[in-house]
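Following: one structure in structure tokens, then a few remarks.
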Amino acid sequence: MAGLALEGPNPDVDVLDGINGLAKDAPHWVNKAMEYIGEYGIIAGLAVLCVIAWWSARRRPGAPSAVAGLVWAPLAAGLALLANIPIRGFVERPRPFKDHAGLEVLIPGKSDFSFVSDHATLTMAVGVALFVAHRKYGLIGIALALAEGFCRVYMGVHYPTDVVGGFALGTAVALLLAPLAQALLVPLTTAIGRSKVAWLVRAPGADGGAGQDAEGGRVVATGSAMPRGHKERDKDLAA
């Protein structure tokens, strides 16, 4: 397949020229910063965000389920990237700088196909999966994914539709497979929570001395005092 070519006016190319045109007028240091941020920085920021979210989830009630949702975020990104392999091979869309002269290409030498963007796919899959697990961190993750999409067009390595396609693919994988992922991951994280490495799932002392029994009900902490009403009733019986 030739790759999403359009006859006549092409809004995709117009938006590409408009955003990439910012790079032509920007100082060199700004473009170097955008190059680093768009290629590595935002992905590294999402990794840090996932660690922060995991650290917080360990202290929440129902920590195993919350942690399972966060584990799904990087797994969703990996599956979305795998799903993109046949899509790229089928569409076979060249990089924009190969068909349009005059672009300011911040990262030259990319020879693979353009549709859909791996970076947009990965970052949005993580952001949406985080949103399913924890809304606040998810909103931050989605904002980072949107910034990543802008960077890819700014750098001249993707068309806007490459980015939109990546966002759609990452969102679809993260949402559609989330129920199955939770069904598989929650038993795993629950088992880890009862093992010697329980700190990976539940922060020490997070339950405040009280736990849950096998059926999910509350249990009384070891060494807790008997309620006063029970003591008085036992005295009456003894009398």
Side-chain angles (χ1 to χ4, degrees), residues 1-6 10-16 19-20 34 37-50 53 68-99 106-107 110-135 137-185:
M1 187 172 178
L4 302 179
L6 297 175
N10 191 334
D12 202 19
V13 175
D14 292 341
V15 175
L16 168 65
I19 295 178
N20 182 253
M34 290 293 286
I37 292 170
E39 193 74 2
Y40 310 108
I42 290 178
I43 293 177
L46 280 171
V48 172
L49 182 65
C50 286
L70 296 174
V71 171
W72 170 234
L75 293 179
L79 290 176
L81 290 177
L82 289 176
N84 190 26
I85 294 174
I87 295 175
R88 280 195 167 197
F90 176 73
V91 177
E92 295 184 344
R93 186 184 203 183
R95 294 278 182 170
F97 52 79
K98 293 188 176 182
D99 290 338
L106 301 189
I107 302 182
K110 288 186 176 291
S111 58
D112 55 342
F113 295 122
S114 187
F115 185 89
V116 296
S117 166
D118 276 340
H119 281 72
T121 300
L122 182 153
T123 53
M124 188 56 76
V126 172
V128 172
L130 279 176
F131 183 81
V132 173
H134 195 292
R135 188 160 298 180
Y137 293 118
L139 289 174
I140 298 173
I142 291 172
L144 289 174
L146 294 174
E148 179 67 45
F150 177 84
C151 287
R152 304 309 287 177
V153 180
Y154 180 98
M155 293 157 62
V157 294
H158 280 293
Y159 293 96
T161 48
D162 298 336
V163 170
V164 173
F167 288 164
L169 178 59
T171 299
V173 170
L175 289 182
L176 295 179
L177 297 182
L180 176 60
Q182 282 292 99
L184 296 175
L185 291 173

Verdict with supporting geometry, Arg93 and Phe113, side chain to side chain contact (heavy atoms under 4.5 Å, CB included): CA-CA 5 Å; Arg93 186 184 203 183; Phe113 295 122; 5.5 Å; no

Ala73 versus Cys50, closest heavy-atom pair with distance: CB-SG, 4.5 Å

Residues Arg88, Asp112: salt bridge by 4.0 Å N-O rule: yes

Test item: Val163 and Phe150 side chains (from C-beta on) under 4.5 Å apart, heavy atoms: no

Interatomic distance, Ile43 atom CD1 to His119 atom NE2 [nearest 0.5 angstrom]: 4.0 Å

Partners passing ring-ring contact (aromatic ring centres under 6.0 Å, His included) against Phe97 (at least two apart in sequence or in another chain): none

Pairs meeting criterion ring-ring contact (aromatic ring centres under 6.0 Å, His included) with involvement of residues 159-182, two or more places apart: His100-Tyr159

Nearest atoms (heavy-atom pairs only) where Asp162 meets Val116: O-CB, 3.7 Å

Shortest non-hydrogen contact from Tyr154 toward Asn20: O-ND2, 2.9 Å

Distance-minimising heavy-atom pair for Cys151 and Ile42: SG-CD1, 4.3 Å

Closest approach of Ala174 to Ala178 (non-hydrogen atoms, all atoms of both residues): O-CB, 3.2 Å

Pair Ser111-Arg95, side-chain donor/acceptor within less than 3.5 Å: no

Residues forming a side chain to side chain contact (heavy atoms under 4.5 Å, CB included) with Gln182, sequence neighbours excluded: Ser65, Ala68, Val186

